Amino acid sequence: MVTHTIYNQLVDNNVRVEVVYENYPVIAGTDELSLILRFRYLGKPKLPKEEHSEPDPEDKDAVNSSHKAGSSDTWSGFGRRISSQFSNVTRNVFLKELDKVEEQHEEDDEPVFVVGYTQLFGYLAINENIIDKKKLEDVRKRSVIGNKLAGIEGLELSDKTSNIWQFNNIEFLEPGKSNQIIPLYSTTQAMLFQEISLAQDPLKIFYVKVPLPKNLPPNYHSAALTINYKLLVGYQQFEKSGKISVRTLKFPLKLQAYVNRVGQQPFFTLDKPLLGQPIEAQVNEVTDGQKASFASIKSQLKHSDIESESDFSNDKIAVKPIEFLAFMQKLSQANINQVVEIQNEFHKEFLTDYTSPKNENCRLNLINLVSNPSQVLSLRQTERKPLQKNFEELNLFEYDSLLPAKFQTRFLLKRNTKNFAQVDLDKSVFRVNDIIRINIQLLNHIKTTGLIVALERVETISDQYIFKDEKGQIHENLTEQSQLVEKVCEKVVSTINSEQVSANLPIPYNSPGQFKTNIVNVRYLVTIKFILVEESSDLELIYSDNKGDLLRGVEFYSSGSEFLCRLPIKVVPNYEPNFGVVNYV
């Protein structure tokens with residue numbers, strides 16, 4: 001199965017920049033961000049053909065002039081008139097000078113790029129009518145690095161104002177939302193090349209591999225906020241005027257949340273951005289463009305032992321000093337009886353690769369979580385608890401469990417203290433792109449005409465960040481519990497003369513899994529709305545005589561009611577990458 005995703009951008013009408021992701025979406029906390037970056041020269045841009053107006057047949061002077069001009073194959077337009085006014089020697093000199101000008105013009109059109117780099121950038125775009133922008137103003141102030149938002153080239157603070165919400169060219173990220181963008185994650189620049197000339201080599205290919213931190217929230221979009229990531233490709237280009245222009249291209253990057261082997265994912269703090277993180281990228285130029293596949297590139301790197309200086313050799317150095325100092329402080333304050341315990345913790349944390357992204361397969365973690373959640377829960381209780389405690393003590397980040405407190409697939413519904421219906425789900429933990437299979441059994445001969453089964457995504461916003469107007473009112477779409485409810489899918493099922501019905505609810509492949517942050521909490525519910533009626537018969541009398549009664553079905557019921565129930569379910573990210581797709585941005 002092809003899982004590569006390609007994004008294209010056209011530059012100056014003659015250069016196409018292509019990004020090919022090996023896996024998409026990419027899981028945070030892994031080294032899955034593996035991509036091929038191609039600069040492809042398409043040739044000289046085609047000039048529009050010169051349009052000549054036809055002479056008026058009635059104008060004899062114009063016809064004769066056109067006929068004389070057409071007798072020369074070398075010159076056109078103004079050239080035809082001046083060619084008859086000079087001698088052959090002067091004409092040859094003029095032709096040579098013209099050829100030099102054309103050659104110089106062709107050289108000027110040749111694309112030459114210098115100082116190319118790649119960079120990662122993640123940001124939060126909020127709806128200021130739902131989330132209070134003032135509560136995030138300090139975060140925005142702290143995110144200005146070197147007079148640039150998150151240190152990103154091209155996002156300089158406007159010279160006309162000192163307002164930290166006004167930046168140049170920021171709308172290229174989220175058009176129309178320039179005042180509501182909060183940086184979440186940014187890296188330093190990883191050098192791609194010093195100089196490339198695409199006229200000499202029309203195809204330049206680079207292989208880039210970047211490990212990602214674990215505490216990055218997934219891509220998300222709702223009416224309240226949007227979480228997005230961009231892969232930035234920047235370079236400098238010589239213009240015809242001799243000036244150097246700085247270009248920055250943005251490509252979409254989709255992330256999934258990191259899930260460890262015991263069914264936990266980080267609790268994301270959106271007001272503590274990770275900015276200016278040293279990028280530990282492996283960058284290699286691919287010389288054989290015809291065989292530039294991921295398999296061939298990895299095979300070539302493996303056999304030639306080509307490794308970047310910023311590859312995984314520095315992975316532990318970025319995090320371990322913090323943990324090492326914490327252990328040293330704990331050891332200095334411990335008594336003799338606690339030394340052995342601390343030594344065991346030190347051995348487990350530093351002398352094993354328990355948390356190394358190279359040895360932990362997050363996709364395998366998701367497979368185990370969906371296929372055998374009870375085994376994953378027991379594994380967490382026996383193995384992960386001490387390690388989680390260490391992480392929380394070090395204030396790195398907290399973990400949130402994706403597993404339910406109790407594995408339950410059967411639910412008994414009651415109405416007025418009487419058993420009403422029995423609902424069965426096919427499993428307790430679902431993944432994105434799954435189908436939720438629901439079986440509903442009606443008890444005690446409940447009179448219903450139908451029911452509506454729906455999958456809802458509920459987004460609970462923290463009271464601290466809710467925006468209130470001058471009257472103290474919140475947004476009209478928010479419920480009393482400060483929730484935004486979005487109906488993901490819905491099915492209508494008839495229950496006339498039925499005691500048992502079934503329904504299937506698909507979870508769209510582009511839906512995010514559940515996750516928690518300090519601003520929003522995203523979870524899923526299965527809602528079942530029963531339509532109840534009080535009439536004892538579905539037929540009405542329209543005619544009666546000594547031969548019998550003529551009945552027909554009722555068009556509507558004179559009285560009825562609704563009974564709504566909500567069942568919480570667990571939805572985790574998909575462990576399968578998307579099918580291959582080509583996008584033009």
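Bear in mind that the values here come from a model prediction, so they are computed numbers and not experimental data.
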Checklist entry - Can you list the steps and then say if Gln264 with Asp400 is a side chain to side chain contact (heavy atoms under 4.5 Å, CB included)? => result CA-CA 5 Å; Gln264 295 174 323; Asp400 177 62; over 6 Å; no
Checklist entry - Which pair of heavy atoms, one from Ile131 and one from Ala224, lies closest together, and at what distance? => result CD1-O, 3.8 Å
Next on the checklist: Quick one: does any side-chain atom of Tyr185 pair with a main-chain N or O of Leu120 as donor and acceptor, under 3.5 Å?
Outcome noted: no
Next on the checklist: Using modelled atom types and a 3.5 Å cut-off, is there a donor and acceptor pairing between side-chain atoms of Lys529 and backbone atoms of Val453?
Outcome noted: no
Checklist entry - Hey, what's the ring geometry for Phe268 with Phe515, parallel, tilted or perpendicular (30° and 60° as the breaks)? => result perpendicular
Checklist entry - With a 4.5 Å limit on heavy-atom distance, are the side chains of Gln265 and Leu402 in contact? => result yes
Checklist entry - Going by distance alone, is a donor N or O of one side chain under 3.5 Å from an acceptor N or O of the other, for Asn365 and Asn260? => result no
Next on the checklist: Show, in sequence, the C-alpha distance, side-chain angles and deciding distance for Asn504 and Ile438, and conclude whether the side chain to side chain contact (heavy atoms under 4.5 Å, CB included) test is met.
Outcome noted: CA-CA 6 Å; Asn504 294 334; Ile438 306 172; over 6 Å; no
Checklist entry - To the nearest 0.5 Å, what is the distance between CG (Leu567) and CD (Glu456)? => result 11.0 Å
Item to check | Side-chain heavy-atom pair Tyr24, Tyr7 within 4.5 angstrom cut-off | outcome: yes
Item to check | Arg261 CZ to Leu369 CG distance, which is reported to the nearest 0.5 Å | outcome: 13.5 Å
Item to check | Sidechain-backbone polar pair: Ser462 side chain, Tyr465 backbone, donor-acceptor under 3.5 Å | outcome: no
Item to check | Side-chain (Ser371) to main-chain (Ile367) donor-acceptor, under 3.5 angstrom | outcome: yes
Item to check | Minimal non-hydrogen separation, Ser502 against Asn439, with atom names | outcome: OG-ND2, 3.2 Å
Checklist entry - Do you know which of Asn574, Ile435, Asn433, Ile436 makes side-chain contact (heavy atoms from CB on, under 4.5 Å) with Ile507? => result Ile436
Checklist entry - Would you say Val488 and Pro508 make side-chain contact, with heavy atoms under 4.5 Å? => result yes
Checklist outcome for this item: Separation between NE2 (His475) and CD1 (Ile461), nearest 0.5 Å, reads 9.5 Å
Checklist entry - Is it the case that Asn23 and Ser34 place a side-chain donor and acceptor less than 3.5 Å from each other? => result no
Next on the checklist: Under a 3.5 Å threshold, yes or no: a donor from one side chain and an acceptor from the other, between Ser374 and Asn372?
Outcome noted: yes
Item to check | Minimum side-chain heavy-atom gap Pro183-Leu149 below 4.5 Å | outcome: yes
Checklist outcome for this item: Nearest heavy-atom contact between Gly513 and Val432 is N-CG2, 4.1 Å
Next on the checklist: Could you go through Ile466 and Ile130, starting from their C-alpha distance and side-chain angles, then the distance that decides it, and tell me whether this counts as side chain to side chain contact (heavy atoms under 4.5 Å, CB included)?
Outcome noted: CA-CA 6 Å; Ile466 293 180; Ile130 299 178; over 6 Å; no
Checklist entry - Under 3.5 Å, side chain of Asn219 to main-chain N/O of Leu255, donor-acceptor pair present? => result yes
Checklist entry - About how many Å separate CG of Leu212 and OH of Tyr229, when rounded to the nearest 0.5 Å? => result 9.0 Å
Next on the checklist: Centroid separation under 6.0 Å, is that true for the rings of Phe420 and Phe563?
Outcome noted: yes
Item to check | Leu33 vs Tyr21 side-chain heavy atoms within contact, under 4.5 Å | outcome: yes
Checklist entry - Do we see a donor-acceptor contact under 3.5 Å between the side chains of Gln277 and Thr187? => result no
Next on the checklist: Under a 3.5 Å threshold, yes or no: a donor from one side chain and an acceptor from the other, between Asn228 and Tyr220?
Outcome noted: no
Item to check | Point-to-point distance, once rounded to the nearest 0.5 Å, from CD1 of Ile27 to CG of Leu366 | outcome: 5.5 Å
Next on the checklist: Between Lys298 and Glu22 (salt bridge meaning N to carboxylate O under 4.0 Å), is one present in this structure?
Outcome noted: yes
Next on the checklist: Keeping Asn368 on the side-chain end and Leu364 on the backbone end, is there a donor-acceptor pair under 3.5 Å?
Outcome noted: yes
Checklist entry - Nearest heavy-atom pair of Ala150 and Leu275: which atoms, and what distance? => result CB-CD2, 4.0 Å
Next on the checklist: Contact between Leu37 and Val233 at the side-chain level, heavy atoms closer than 4.5 Å - yes or no?
Outcome noted: yes
Checklist entry - Between the side chains of Thr495 and Thr448, is a donor N or O closer than 3.5 angstrom to an acceptor N or O? => result yes
Checklist entry - Does any N or O in the side chain of Thr449 come within less than 3.5 Å of the main-chain N or O of Leu532, such that one atom is a donor and the other an acceptor? => result no
Checklist entry - Minimum heavy-atom separation for Pro217 to Leu184, with atom names? => result CG-CD1, 4.2 Å
Item to check | Whether over 12 other heavy atoms sit under 6.0 Å from Gln441 CD | outcome: yes
Checklist entry - Is there side-chain contact between Arg431 and Lys570, with at least one heavy-atom pair below 4.5 Å? => result no
Next on the checklist: Would the distance check show the side chain of Gln514 and the main-chain N or O of Tyr524 forming a donor-acceptor pair, the cut-off being under 3.5 Å?
Outcome noted: no
Next on the checklist: With rounding to the nearest 0.5 angstrom, report the CG to CD1 distance, Leu442 to Ile440.
Outcome noted: 7.5 Å
Item to check | For Asp424, salt bridge (Lys or Arg N to Asp or Glu O under 4.0 Å) partners two or more places apart | outcome: Arg410
Next on the checklist: To check you understand the geometry: which heavy-atom pair defines the closest contact between Thr409 and Ser428, and what is its length?
Outcome noted: CG2-N, 3.8 Å
Item to check | Lys516 NZ: over 12 foreign heavy atoms closer than 6.0 Å | outcome: no
Checklist entry - Could you walk me through whether Arg437 and Leu505 pass the side chain to side chain contact (heavy atoms under 4.5 Å, CB included) check? => result CA-CA 7 Å; Arg437 295 175 173 83; Leu505 294 177; over 6 Å; no
Checklist entry - Name the one of Leu564, Ile531, Val501 that satisfies side-chain contact (heavy atoms from CB on, under 4.5 Å) with Leu451? => result Val501
Checklist entry - Mind checking whether Tyr258 and Tyr399 have parallel, tilted or perpendicular rings, split at 30° and 60°? => result tilted
Item to check | Charged N-O contact under 4.0 Å between Glu137 and Lys134 | outcome: no
Item to check | Side-chain (Thr269) to main-chain (Asp271) donor-acceptor, under 3.5 angstrom | outcome: no
Item to check | 4.5 Å side-chain heavy-atom contact, Leu35 and Val20 | outcome: no
Next on the checklist: For Arg16, is there an ion pair with Glu18 - N to carboxylate O distance below 4.0 angstrom?
Outcome noted: yes
